[in-house]
Amino acid sequence: MKELSVSHLLGIKYLTTEDIELIFETADHFKEVINRPIKKVPSLRDITIANLFFENSTRTRLSFELAEKRLSADVVNFSAASSSVKKGETLIDTVNNILAMKVDMVVMRHPNPGAGIFLSKHVNARIVNAGDGAHEHPTQALLDAYSIRESLGSVAGKKVAIVGDILHSRVALSNIFALKKLGAEVTLCGPKTLIPKHIESLGVHYEPSLEKTIQWCDAVNMLRVQNERMSMIIVMHPGPINRGVEITSEVADHPQAIILDQVQNGVAIRMAVIYLLAAKIK
Ligand code: CP
């Protein structure tokens, strides 16, 4: 069986192109599974996974939980809002208490960049980063690139625009790493104040004009767009969407928008990630 080069999923930055392709091939299989009448496989019957959410989430949390249950893992959920974190417990103490209950894998969303990296150095479990501050959101980028591959046939050679607040977006950074590793051309578009300095060093272009960006791209991610090229490009958004703010209802509900396909692909991608990391449990 092919294996990932990493023991944790902390960021797209740490994956090889072969890792991403292996996740996609594995997700292809699980996508077929989750569209069967019986959506469950026994692959992770002996594995226990804790979902630790120190920050709000709808899509990522539900998607991970579904992915874990469809792989037959035992699942425990933790939300900071209703936990002893509120009484002053540290992250390491919280996680070590959970691990003492024999947990094999931790899926964590945390407001601090690098929280998953920190955890992976201090606890004996596979760690999956479900979003760490403005740093990375690797499974979102994997499901975004997977959705482009599904809609456009491949990612290599495609022109992808990421529009909006790039500076504060973990989705944008993970997307840039994933798209570049897979051979796409990437243009960022947004007000200069919301674009990180020296971002071109990651091999991406910056274009301030939304009109020019839309004319150029095959896919556009997380954005407020106009209708001109709606029949030629696919429109993506990681969610949650703010109707009337960065995206109009007309665009969000347009047939070329693949926002809910992204959500569906999220389950298959997360099943693939969990399944491949479970093979690394010693
Ligand atoms: N796309 C995304 O991460 O959504 P949630 O914050 O709802 O998980």
Side-chain angles (χ1 to χ4, degrees), residues 9-13 15 23 27 49-70 75-83 105-116 127-151 160-179 188 190 194 219-225 234-243 245-247 251-253 257-274:
L9 179 61
L10 302 174
I12 301 290
K13 188 177 176 181
L15 297 182
I23 291 168
I49 302 176
N51 298 315
L52 311 189
F53 279 72
F54 294 86
E55 211 185 54
N56 294 343
S57 170
T58 301
R59 276 145 293 273
T60 309
R61 185 178 177 145
L62 288 176
S63 179
F64 266 114
E65 194 173 338
L66 263 182
E68 292 152 3
K69 288 182 170 166
R70 286 180 176 166
V75 178
V76 286
N77 289 307
F78 163 96
S79 158
S82 55
S83 73
M105 195 179 297
V106 171
V107 174
M108 184 172 75
R109 171 168 288 190
H110 199 280
N112 294 343
I127 309 296
V128 181
N129 178 7
D132 59 334
H135 179 225
E136 280 224 38
H137 191 351
T139 56
Q140 181 68 48
L142 289 167
L143 75 90
D144 288 345
Y146 185 79
S147 300
I148 292 173
R149 170 183 179 262
E150 186 177 70
S151 291
V160 183
I162 307 174
V163 180
D165 180 0
I166 312 296
L167 185 63
H168 302 104
S169 173
R170 57 191 173 210
V171 173
L173 188 59
S174 287
N175 260 273
I176 291 169
F177 287 136
L179 292 166
L188 308 179
L194 295 179
V220 62
N221 202 351
M222 54 172 294
L223 357 142
R224 181 159 69 83
V225 292
I234 54 168
V235 178
M236 304 168 69
H237 195 303
I241 62 176
N242 296 294
R243 288 175 184 268
V245 180
E246 79 280 0
I247 191 163
V251 174
D253 301 329
I258 61 163
I259 298 168
L260 293 180
D261 299 300
Q262 288 172 263
V263 174
Q264 194 192 122
N265 286 334
V267 177
I269 282 289
R270 286 168 179 130
M271 287 174 80
V273 166
I274 291 162

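Atoms within a ligand are numbered from 1 in the order they appear, just like the ligands themselves.
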Fill in: Neighbour list for ligand 1 [protein residues, heavy atom under 4.0 Å]
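Ligand 1 is contacted, at a heavy-atom distance under 4.0 Å, by Ser57, Thr58, Arg59, Thr60, Arg109, His137, Gln140, Pro238, Gly239.
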
Discussion item. With a sphere of 6.0 Å drawn around CG of Asn242, does it hold more than 12 non-hydrogen atoms of other residues, nucleotides or ligands?
Written reply: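 Yes.
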
Item to complete: Please say whether the positively charged group of Arg109, taken as NZ for Lys or CZ for Arg, lies over the ring of Phe53, i.e. under 6.0 angstrom from the six-membered ring centre and within 45 degrees of the axis.
Response: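 No, cation not above the ring by the 6.0 Å, 45° rule.
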
Fill in: Lys69 and Glu65 ion-paired at < 4.0 Å
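Result for this pair is yes, salt bridge flagged.
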
Discussion item. Run the side chain to side chain contact (heavy atoms under 4.5 Å, CB included) test against Asp132 and tell me which residues pass, sequence neighbours left out.
Written reply: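 Per chain and number, Asp132 pairs via side chain to side chain contact (heavy atoms under 4.5 Å, CB included) with Asn129, His135, Glu136.
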
Fill in: Ile241 CD1 to Ile247 CD1 distance, which is reported to the nearest 0.5 Å
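These two atoms lie 6.0 Å from each other.
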
Worksheet item: Do Val128 and Ile49 come within less than 4.5 Å of each other through their side chains, counting heavy atoms only?
Response: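 Result no, sub-4.5 Å side-chain heavy-atom pair not found.
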
